[in-house]
Enquirer: 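Structure provided below as structure tokens; questions to follow.
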Amino acid sequence: MDVFDLHCDTLYECVKHGRELMDNPFAVDLRRGRAYRRWAQVFAVWMPDFLRGEPAFEQCVRTLRFAREQADTYADQMTLVTDADLLDGALLNERCGALLGIEGASALAGSLEHLEEAAALGVRIVTLTWNGSNELGHGSGSGCADGLTSFGRMAVRKMEQLGVIPDVSHLNEKGFWDVAEEAQGPFIASHSDSAAVHPHTRNLTDDQFREIAGRGGLVGLNLCGEHLGLAGEETAEQPTFEPLMRHLDHFLSLGGETVLAFGCDLDGTDLPARWGGIEVYGRMKEALLRNRYEEQLLDRLFFGNCYDFIHSALTTGGRMG
């Protein structure tokens, strides 16, 4: 099968523990990814909320350079994708098409110049906040109801100029609507579920989903048990994908056939133990087929929607509006 996933945190784990992308004990590595015919993955540089200012930017740069080194070392296994031709080449040659993102724009240390530097290092997606507040705005766990800062608004406009896709996962609701006001083109929620199904602050309301869909953006379903609505014991033992299907079905009822994808948050959250790591995509597809989801729809959810959106963004430099 083909897989295009919008969000994992494996780079952070590799750098923290001194491991390689080729083969590691985490949820994602290149060796196991070879099980998929075509595989593209957004590797996010996670920025913890306790790290701020220039040290945050320096850690981000170190991680981005690590990704470049891994791509050079394992050039027969992965290609660092910065344009549409590189994406197509990676997929044609059965290499992982690796896109770089930032999760938590505190990594920019309040500097548009740092945003330009990150884009030059290959970053094509920026999640504006993590759970707390930063120079751009306020995360869904910050307890602050304010929207984007003036710098945050400037950063969203600058991202679009640079061909960097704004990502609203983790952002609070006021910040979301400020992004909708500032952005000229589509934006994404790389790893978010439905608040109508489970009212978690990290999940999207129906109005938010419709806004992303109406702009031609993407929403990646997240496998985090807390966001799906699982209790702690269920998260460890959940043997089925029924909780995920409830979120999927609701978003499909809102017209999400060409909007939905997966941003499973591998290596960024604890999955139900029986779901496994990168192997989870095959298990999900088998379960969804057993539950009478059409294969054509699943091909779009697991690969096609992401491919179409990202390929267009990389072709036009992000300016899709």
Side-chain angles (χ1 to χ4, degrees), residues 1-46 63 66-67 70-71 73-81 87 90-91 93-101 103 125 169 190-193 218 220-225 227-228 230 235-236 238-241 243-245 248 260-289 298-307 310:
M1 66 179 288
D2 299 331
V3 172
F4 199 140
D5 182 90
L6 279 171
H7 189 87
C8 78
D9 288 285
T10 312
L11 288 178
Y12 177 86
E13 294 298 323
C14 284
V15 170
K16 180 180 178 180
H17 297 284
R19 303 302 294 257
E20 303 272 296
L21 277 178
M22 184 63 204
D23 196 347
N24 62 56
F26 310 126
V28 175
D29 65 26
L30 299 174
R31 177 182 58 82
R32 284 172 288 158
R34 289 297 300 271
Y36 301 109
R37 186 174 69 94
R38 292 188 293 175
W39 173 39
Q41 177 68 57
V42 178
F43 289 93
V45 177
W46 177 58
T63 308
F66 168 79
Q70 292 288 285
T73 300
Y74 302 112
D76 61 335
Q77 301 291 325
M78 68 179 287
T79 299
L80 210 55
V81 170
L87 176 61
L91 297 173
N93 290 288
E94 297 186 1
R95 298 174 185 146
C96 174
L99 291 93
L100 295 177
E103 183 179 24
I125 295 173
S169 284
S190 63
H191 55 305
S192 295
D193 297 321
L218 282 179
L221 289 166
N222 188 350
L223 295 189
C224 175
H227 303 163
L228 292 173
L230 301 176
T235 300
Q238 183 63 229
T240 76
F241 292 99
L244 173 68
M245 292 178 199
L248 172 58
L260 282 173
F262 287 99
C264 289
D265 205 7
L266 299 182
D267 288 317
T269 190
D270 292 327
L271 300 186
R274 299 184 190 182
W275 290 5
I278 195 170
E279 304 85 358
V280 73
Y281 305 109
R283 292 170 182 161
M284 281 194 292
K285 187 171 183 180
E286 289 174 3
L288 292 169
L289 285 170
L298 298 183
D299 288 344
R300 295 207 60 81
L301 299 182
F302 281 99
F303 184 84
N305 288 340
C306 265
Y307 174 82
I310 296 294

Enquirer: I'd like to know if the side chain of Asp29 and the backbone of Asn24 have a donor-acceptor N/O pair within less than 3.5 Å.
Expert: yes
Enquirer: Which residue is it: Asp270, Asp9, Leu223? I am looking for the one with a side chain to side chain contact (heavy atoms under 4.5 Å, CB included) to Asp265.
Expert: Asp9
Enquirer: Counting distance only, does the side-chain N/O of Asp23 pair as donor-acceptor with the main-chain N or O of Arg31 below 3.5 Å?
Expert: no
Enquirer: Do His191 and Leu6 come within less than 4.5 Å of each other through their side chains, counting heavy atoms only?
Expert: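 They are not in side-chain contact.
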Enquirer: State plainly whether the residues Asp2 and Lys285 are in salt-bridge range, i.e. N to O under 4.0 Å.
Expert: no
Enquirer: Kindly compute the distance separating CZ (Arg32) from CH2 (Trp39), expressed to the nearest 0.5 Å.
Expert: 9.0 Å
Enquirer: State, yes or no, whether a side-chain contact exists between Gln77 and Arg34 at a heavy-atom distance under 4.5 Å.
Expert: yes
Enquirer: Start with the C-alpha distance between Cys14 and Phe43, add both sets of side-chain angles, then the distance that settles side-chain contact (heavy atoms from CB on, under 4.5 Å), and finish with yes or no.
Expert: CA-CA 11 Å; Cys14 284; Phe43 289 93; over 6 Å; no
Enquirer: Could you pull out the closest heavy-atom pair between Ala287 and Met245, with the gap in Å?
Expert: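 For Ala287 versus Met245, the nearest heavy atoms are O-CE, 4.0 Å.
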Enquirer: If you look at every heavy atom in Ala27 and Leu266, which pair is closest and at what distance?
Expert: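 Reported closest heavy-atom pair: CB-CB, 3.9 Å.
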Enquirer: Any chance the side chains of Asp193 and His227 put a donor and an acceptor closer than 3.5 Å?
Expert: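 Judged by distance alone, the side chains do not pair up.
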Enquirer: Say you draw a straight line from NZ of Lys16 to CZ of Phe26; how long is it, rounded to the nearest 0.5 Å?
Expert: 9.0 Å
Enquirer: Between Ser169 and His7, does the side-chain contact (heavy atoms from CB on, under 4.5 Å) criterion hold? Intermediate values first, please.
Expert: CA-CA 10 Å; Ser169 284; His7 189 87; over 6 Å; no
Enquirer: Which is it for Leu248 and Phe241 under the side-chain contact (heavy atoms from CB on, under 4.5 Å) test, yes or no, and what are the steps along the way?
Expert: CA-CA 10 Å; Leu248 172 58; Phe241 292 99; over 6 Å; no
Enquirer: Taking atom CZ of Arg19 and atom OG1 of Thr10, what is their separation to the nearest 0.5 Å?
Expert: 13.0 Å
Enquirer: Got Leu91 and Phe4 here, is their nearest side-chain heavy-atom distance under 4.5 Å?
Expert: no
Enquirer: Short question: side chain of Gln70, backbone of Leu21 - any donor-acceptor pair under 3.5 Å?
Expert: yes
Enquirer: Distance check, rounded to the nearest 0.5 Å: Arg95 atom CZ versus Arg38 atom CZ?
Expert: 15.5 Å
Enquirer: Tell me whether Ser190 contacts the main-chain N or O of Gly263 through its side chain, where contact means a donor paired with an acceptor under 3.5 Å.
Expert: no
Enquirer: Looking at every non-hydrogen atom in both residues, tell me the closest pair between Ala40 and Leu87 and how far apart they are.
Expert: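 Answer, listing the atom of Ala40 first, then Leu87: CB-CD1, 4.3 Å.
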Enquirer: With side chains defined as the heavy atoms from C-beta onward, is the minimum distance between Trp46 and Asp267 less than 4.5 Å?
Expert: no
Enquirer: What do the steps show when you test Ile310 against Val42 for side-chain contact (heavy atoms from CB on, under 4.5 Å), and what is the final call?
Expert: CA-CA 10 Å; Ile310 296 294; Val42 178; 5.6 Å; no
Enquirer: As an exercise, state the distance from CG of Leu221 to CZ of Phe262, rounded to the nearest 0.5 Å.
Expert: 5.5 Å
Enquirer: For residues Glu103 and Tyr12, is any side-chain donor paired with an opposing acceptor at under 3.5 Å?
Expert: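 Tyr12 and Glu103 do not have a side-chain donor-acceptor pair below 3.5 Å.
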Enquirer: First locate atom CG of Leu298, then atom CE of Met284, and finally report the distance between them rounded to the nearest 0.5 Å.
Expert: 10.0 Å
Enquirer: I need the minimum non-hydrogen distance between Gly33 and Ile278, along with the two atoms involved.
Expert: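 It is CA-CD1, 3.7 Å.
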Enquirer: Look at the side chain of Asn305 and the backbone N and O of Leu218, then say whether any donor-acceptor pair between them is shorter than 3.5 Å.
Expert: no
Enquirer: Quick one: does Glu13's side chain have a donor or acceptor within less than 3.5 Å of a partner on Leu11's backbone?
Expert: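 Answer holds: no.
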